[in-house]
Asker: 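Sending over a structure as structure tokens; questions will come in a sec.
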2 protein chains.
Amino acid sequence: MIKIGILGYGNLGRGVEAAIKKNDDMELAAVYTRRDPASLSIKTEGVPVKSTADLDKGAEDIDVLVICGGSATDLPVMTPKYAAMYNVIDSFDTHARIPEQFANVDKAAKAAGKIGVISCGWDPGMFSLNRVYASAILPDGQAYTFWGKGVSQGHSDAVRRIDGVLDCRQYTIPVEAALDKVRSGENPELTTREKHTRECFVVAEEGADLERIENEIKTMPNYFSDYDTTVHFITAEEMKAEHSGLPHGGSVIYSGTSSEGVKHVIEYKLTLDSNPEFTGSVLAACARAAFRMNGRGDCGAKTLFDIAPADLCAQSGDELRAHLL
Amino acid sequence: MIKIGILGYGNLGRGVEAAIKKNDDMELAAVYTRRDPASLSIKTEGVPVKSTADLDKGAEDIDVLVICGGSATDLPVMTPKYAAMYNVIDSFDTHARIPEQFANVDKAAKAAGKIGVISCGWDPGMFSLNRVYASAILPDGQAYTFWGKGVSQGHSDAVRRIDGVLDCRQYTIPVEAALDKVRSGENPELTTREKHTRECFVVAEEGADLERIENEIKTMPNYFSDYDTTVHFITAEEMKAEHSGLPHGGSVIYSGTSSEGVKHVIEYKLTLDSNPEFTGSVLAACARAAFRMNGRGDCGAKTLFDIAPADLCAQSGDELRAHLL
């Protein structure tokens, strides 16, 4: 049994907990929190909730620590710190800072003889893998990534910070016409606005100036100003009834040429009922791979690019070749 | 530069030749044939065509030999034989005999300190990889594989062996209703007949009994009797004008659950203008991985399950993390 520790018990931490239940070769050893452990009740019976102070001693009885923190401030500190003590997994998703995160985790993990797998999930993660496989097979080609239809938590949070807004759920929606063009293999040039639209469901304070709120959303730089955005004002009851899930998904579509006029289109598409549960499931599979790779003496920072697919799977090589090849 | 030898210059061998041209870090060193080398003219200028007798001496100046033979009789003999002398790649696709092929190649390659990557292509190959990744992430789920629309060379050949048939092109077509059911995540049970239909374009001898031919096709065991099959008789000119390509493709659709009632659907879809050119492109990427893995001292039989994705790509780890993660 692979003993997993989870650091952080938000949506993602609970997603990892759910994934461990689905994998017979793993067990949840402990959940670690920065809050008062007594204040936290988890779903798995008989498993202790402990303080990060325990973790910091470096002697917890876990094979892999799955770090479920935010990419902005948590993971740049936590992942290198704990890679110096344990095999670790994170879902670091600030694309521009991945090289820096990799270097910091690599240094700490190598010094400790541990493995640190960073940027696991679906994007970065499974989508990245599909960009790599496709460009390895067809170097003369182009990758397109579409997200949605799904809830963007970053965009929902951005709207919640507007004065007069009580709650928001923001859906990112790929434009069908753009998807069709890309699937046809014609390698179009597409602007940000042509690829995705955004749709916001907003609960406003009573008496708030809805016109101002709508305008602030639609003109918000980086988040909304480059997109066609629709805003709907709804009640708190409607929000709870119709928008309580966190579905997401999207497609990586790669179109490439093997010789003059001979085209191929590769599409990888995800339709996810729950973004955090799917991401947690990827993290759990990566925890298995980290455990196995470290058991063979490997150490340092890794991404899914460095993991042989067989290491992610519970089955043996013989079983995989007999049944899935 | 990675020096590649190609053994066999049929559709697949020419596909590998085309792929090498698209990869700046590879060069075609020689094409090997069992025929008289003087009878063969290849597309790449300045590259020698040699006899397999040269190859048999075990001293050819190549880094990897890509073996482009048939799975029925060629590859079970050739791949173990040449794995004892060179790093080798094959596209062995007799699913039931893969464990045996793997064991034979493993023995020969390990004794020689070489790498032998077997069963590369798209099914087995990229489709297998997607079955493995999906079941690693969502162990509680089910994989469905659909082929087509595309030309099945095995089925076309089977029809050509019928008395009175001059030529045939057989298309395998997935049933849209079955695809829709699977994509909805409802995990249906589907019979062979419900998943695919078959369509044959046949050129018959003048005066042949078309009714008998059609009946022989539709009732042929293993190949057609379990499917709804349509037969069209056409002229040799129509065959040449409308059915000279070898398009193919299909989808692996995996539907799984991460917790009670929370479903996810993963689809990997290929739309290929040319089956042999795409397969050849996968083989070329695997040749790169074999060269690198052997350079690090690794040896024995491998499949795509055992290859870290980064090893398939020309770019460095730093480049992949910066641009594709």
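Letters go in sequence order (proteins before strands), and every chain restarts at 1. Heavy-atom basis, side chains included; hydrogens, waters and symmetry copies ignored.
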Asker: Please classify the contact between S274(A) and chain B as side chain, backbone, both or neither, with a heavy-atom cut-off of under 4.5 Å.
Answerer: both
Asker: Show the nearest heavy-atom pair for residues D306(B) and A310(A), with the distance to one decimal.
Answerer: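 Shortest heavy-atom separation between D306(B) and A310(A) comes out as OD1-CB, 4.2 Å.
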Asker: Compare every heavy atom of N23(A) with every heavy atom of P139(B), then report the nearest pair and how far apart it is.
Answerer: CG-OD1, 3.2 Å
Asker: Would you check if S259(A) and E277(B) make a side-chain contact, meaning some heavy-atom pair closer than 4.5 Å?
Answerer: yes
Asker: Can you confirm whether K181(A) is buried at NZ, in the sense that more than 12 heavy atoms of other residues, nucleotides or ligands lie under 6.0 Å from that atom?
Answerer: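 Not buried by this count: 12 neighbours or fewer within 6.0 Å.
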Asker: Nearest 0.5 angstrom please: I266(B) CD1 to L272(A) CG, how far?
Answerer: 7.5 Å
Asker: Tell me, for F278(A) versus chain B, whether the close heavy atoms (under 4.5 Å) come from the side chain, the backbone, both or neither.
Answerer: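 Looking at F278(A), backbone and side chain both touch chain B.
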Asker: Heavy-atom pairs under 4.5 Å with chain B: which of A285(A), S258(A), G15(A) has the most?
Answerer: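 Result: the option with the highest number of such pairs is S258(A).
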Asker: Would you call V132(A) and L320(B) a side-chain contact if the rule is heavy atoms closer than 4.5 Å?
Answerer: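 Result yes, sub-4.5 Å side-chain heavy-atom pair found.
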Asker: Got a second to check how far L325(B)'s CG is from L304(A)'s CG, nearest 0.5 Å?
Answerer: 8.0 Å
Asker: For chain B, which of P124(A), G317(A), A284(A), A103(A) has the most heavy-atom pairs under 4.5 Å?
Answerer: P124(A)
Asker: With only heavy atoms counted, which part of R183(A) is less than 4.5 Å from chain B, the side chain, the backbone, both or neither?
Answerer: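 It is neither, since no heavy atom gets under 4.5 Å.
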Asker: Relative to chain B, which segment of L312(A) carries a heavy atom at a distance below 4.5 Å: side chain, backbone, both, or neither?
Answerer: both
Asker: Measure the CZ-SG distance between F305(B) and C313(A) for me, rounded to the nearest 0.5 Å.
Answerer: 8.0 Å
Asker: Do D140(A) and K22(B) meet the salt-bridge criterion of a basic N to acidic O distance under 4.0 Å?
Answerer: yes
Asker: Below 4.5 Å, heavy atoms only, C-beta onward: do S128(B) and R321(A) meet side chain to side chain?
Answerer: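 They are not in contact (no side-chain heavy atoms under 4.5 Å apart), so the answer is no.
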Asker: Counting only heavy atoms closer than 4.5 Å, note whether D318(A) contacts chain B via side chain, backbone, both or neither.
Answerer: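 No part of D318(A) comes within 4.5 Å of chain B.
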Asker: So what's closer than 4.5 Å to chain B heavy atoms on D123(A): side chain, backbone, both or neither?
Answerer: side chain
Asker: Does some side-chain heavy atom of W122(B) sit less than 4.5 Å from a side-chain heavy atom of I137(A)?
Answerer: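 No, too far: nothing below the 4.5 Å cut-off.
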Asker: Check each atom of L138(B) against the heavy atoms of chain A and say whether the ones under 4.5 Å are side chain, backbone, both or neither.
Answerer: side chain
Asker: Heavy-atom distance under 4.5 Å between the side chains of Y268(B) and E267(A), does that happen here?
Answerer: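 They are not in side-chain contact.
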Asker: Side chain, backbone, both or neither: which part of I98(A) has an atom under 4.5 Å from a heavy atom of chain B?
Answerer: side chain
Asker: What residue, out of L129(A), N130(A), V252(A), D93(A), has the most heavy-atom pairs lying under 4.5 Å from chain B?
Answerer: L129(A)
Asker: Under 4.5 Å heavy-atom distance to chain B, tell me which part of L324(A) shows up: side chain, backbone, both or neither.
Answerer: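 Both the backbone and the side chain of L324(A) come within 4.5 Å of chain B.
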Asker: Taking side chain as everything from C-beta outward and backbone as N, CA, C, O, which of these in T257(A) sits under 4.5 Å from a heavy atom of chain B? Side chain, backbone, both or neither.
Answerer: both
Asker: What part of A314(A) gets closer than 4.5 Å to chain B, counting heavy atoms only: side chain, backbone, both or neither?
Answerer: neither
Asker: Could you tell me whether a side-chain N or O of D273(B) sits under 3.5 Å from a main-chain N or O of V262(A), the two making a donor and an acceptor?
Answerer: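 Such a contact is absent between D273(B) side chain and V262(A) backbone.
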